[in-house]
Asker: 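Got a structure for you, written out below as structure tokens; questions coming shortly.
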Amino acid sequence: MSNPKKKVTILVPAYNEQEALPLFYEVVAKLADEHSERYCWELLFINDGSTDGTLDVLNSLVAKDKRVRYIDLSRNFGKETAMLAGFDYATGDCVVIIDADLQEPPSAIPEMLKKWEQGYCDVYGRRRRRNQKFLKKTMSRIYQRLLSGMSQGPEPPQDAGDFRLLDRKCVDALKSLRETQRYTKGMYALVGFSKAPVDIDISRRVAGTTKWNMRKLLHLAADGIMSHSVVPLRLASYMGVIVSIIAFIYLLVVLVKAIFWGEDVAGYPTIVSLILFLGGFILLALGIIGEYLGRIFLETKQRPPYFVNTVTPVNEES
Ligand code: UDP
Ligand code: MG
């Protein structure tokens, strides 16, 4: 007899989370126990090339709880790719993505499930209050505005992160987007399906430290813009047109002055500043083209986005 209960996969990317994982497991296992009447659960951890004891912790969790599975990636691929691996191996009728550090409240999951039962396919956690540093918060606000102004596809909702419940349909759609430079927050909007928010509070990490540094964040930000928008390329053409028009007007002014008033044309300073301005601008435009070209280069290789070391088997009766 097939299992009449719906299956919920909790997808947890984990990179060096040995301190946080036991605490995380306690909370989520308790939640799963409380809702075991209606749903069966799969706790799918993605070990993203951790260098600490994360894998040992996962092994001990697998040994004591049938619901726990993990994918051990061959090295650190970053959270975006780890999530893709999770989508590939998740077996649930819906998937809840959540960080291992308990910054996002698992207590919101029942409400998400309720919305899912009402027919929503993408129930996202909307952040009410963020305990973030001022600089990080401001920068992420500015970035979100910039991105939603530039992106070609539909706009991702403001203040939403990766903490969300996705219906199987969404997961399959996200799985089909195989690009290696991923910006999943843009993809949720891109694939569509009905969306509903659930308000959440983001708290501090329970243990361990954040895996993001400025370099990684800037990289993700660039991926977000360049993989969802060609506006920077267009910007270069716009600037080119504007500069040409100004140059043409200036040329006319100089010519008219020289012909009718016989004025000396001031040479050196004008030329130097023009050359510097145009040179700088051309380099900038080249750089933008290069960024896109580099991305095309990487994508055309069609390399698999990640490699797997081991996967624990699916537990049918869990
Ligand atoms: N993470 C990952 N691979 C990475 C970096 C982070 O799987 O290369 C995971 C990490 O273990 C955590 C989640 O992604 O579960 C969010 O990371 P973190 O809490 O460091 O980010 P923050 O909350 O500070 O933005
Ligand atoms: Mg975190």
Side-chain angles (χ1 to χ4, degrees), residues 9-28 43-58 61 68-90 95-106 108-109 124-141 143-144 156 159-164 174 180-185 188 200-224 305-309 311:
T9 298
I10 307 284
L11 189 163
V12 195
Y15 175 53
N16 292 347
E17 300 281 6
Q18 61 174 6
E19 291 97 13
L21 276 184
L23 303 165
F24 175 87
Y25 170 77
E26 286 305 316
V27 177
V28 176
L43 309 186
L44 179 61
F45 294 89
I46 297 94
N47 179 29
D48 187 18
S50 302
T51 50
D52 65 352
T54 298
L55 193 62
D56 301 328
V57 177
L58 288 177
L61 291 180
V68 178
R69 291 178 64 209
Y70 68 75
I71 308 164
D72 184 30
L73 299 182
S74 60
R75 62 168 170 86
N76 178 251
F77 285 92
K79 183 185 173 186
E80 304 291 319
T81 305
M83 289 196 295
L84 175 68
F87 296 148
D88 287 343
Y89 286 89
V95 170
V96 178
I97 310 166
I98 185 165
D99 287 354
D101 55 11
L102 288 178
Q103 280 192 285
E104 300 150 338
I109 294 175
Y124 59 93
R126 188 168 56 191
R127 294 159 184 187
R128 233 183 323 222
R129 179 171 53 87
R130 293 213 235 172
N131 283 331
Q132 271 183 338
K133 295 215 182 74
F134 177 74
L135 184 69
K136 198 173 169 186
K137 192 160 68 185
T138 321
M139 288 200 14
S140 109
R141 283 268 158 77
Y143 176 70
Q144 290 227 341
D159 279 338
D162 287 316
F163 178 41
R164 59 183 67 220
L174 290 170
T180 41
Q181 299 138 71
R182 305 181 70 79
Y183 182 72
T184 319
K185 285 183 198 70
Y188 304 124
I200 54 160
D201 290 317
I202 298 292
S203 37
R204 296 195 184 285
R205 262 184 167 271
V206 283
T209 50
T210 177
K211 307 300 176 302
W212 295 101
N213 50 35
M214 235 354 153
R215 192 180 58 86
K216 274 192 179 179
L217 274 179
L218 284 179
H219 212 95
L220 182 72
D223 274 348
Y306 60 87
F307 295 100
V308 170
N309 188 22
V311 186

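Each ligand, and each atom within it, is numbered from 1 in the order the structure gives. For the single chain, residues carry numbers from 1 onward in sequence order. Nothing here was measured: the structure is a model prediction, and the numbers come from that model.
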Asker: In terms of atom number and element, which parts of ligand 1 are under 4.0 angstrom from non-hydrogen atoms of Ala100?
Answerer: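 Here the atoms of ligand 1 in question are 15 (O).
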Asker: Just wondering, do Lys79 and Asp162 contact through their side chains at under 4.5 Å, heavy atoms?
Answerer: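 The answer is yes, as the side chains (C-beta and beyond) meet within the 4.5 Å cut-off.
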Asker: Look only at the side chain of Glu104 and the backbone of Asp99, and say whether a donor-acceptor pair between them is shorter than 3.5 Å.
Answerer: yes
Asker: Output the list of atoms in ligand 1 that are nearer than 4.0 Å to some heavy atom of Glu17, sorted by atom number.
Answerer: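 Those of ligand 1 that fall under 4.0 Å from Glu17 are 10 (C), 11 (O), 12 (C), 15 (O).
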Asker: Between Asp99 and the Mg ion (ligand 2), is there a contact where an N/O/S atom of the residue lies under 2.8 Å from the metal?
Answerer: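 For Asp99, the answer is no, given that no N, O or S atom comes within less than 2.8 Å of the Mg ion (ligand 2).
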Asker: Examine distances only and state if a side-chain atom of Asn16 and a backbone atom of Asp52 form a donor-acceptor pair shorter than 3.5 Å.
Answerer: yes
Asker: Looking at side-chain heavy atoms only, is the closest gap between Leu73 and Val308 below 4.5 Å?
Answerer: yes
Asker: Does an N or O from Ala82, backbone or side chain, lie closer than 3.5 Å to an N or O of ligand 1?
Answerer: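 It does not: no N or O of Ala82 is found under 3.5 Å from an N or O of ligand 1.
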Asker: When you look for heavy atoms under 4.0 Å from ligand 1, do you find them on the side chain of Asp48, its backbone, both, or neither?
Answerer: side chain
Asker: Need the ligand 1 atom indices (1-based, order shown) with element for anything under 4.0 Å from a heavy-atom of Asn76.
Answerer: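 Those qualifying, in numeric order: 3 (N), 4 (C), 8 (O).
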Asker: So, is the end of the Arg164 side chain (NZ or CZ) under 6.0 Å from the ring centre of Tyr188 and within 45° of the ring's axis?
Answerer: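 The answer is yes; both the distance and angle limits are met.
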Asker: Show your reasoning for whether side chain to side chain contact (heavy atoms under 4.5 Å, CB included) applies to Leu44 and Ile71.
Answerer: CA-CA 7 Å; Leu44 179 61; Ile71 308 164; 3.9 Å; yes
Asker: Could you tell me whether ligand 1 has any atom less than 4.0 Å away from a heavy atom of Lys216?
Answerer: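 Yes; Lys216 lies near enough to ligand 1 that a heavy-atom distance drops under 4.0 Å.
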Asker: Measuring from the Mg ion (ligand 2), name the closest N, O or S atom belonging to Asp101.
Answerer: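 For Asp101, the N, O or S atom at the smallest distance from the Mg ion (ligand 2) is OD2.
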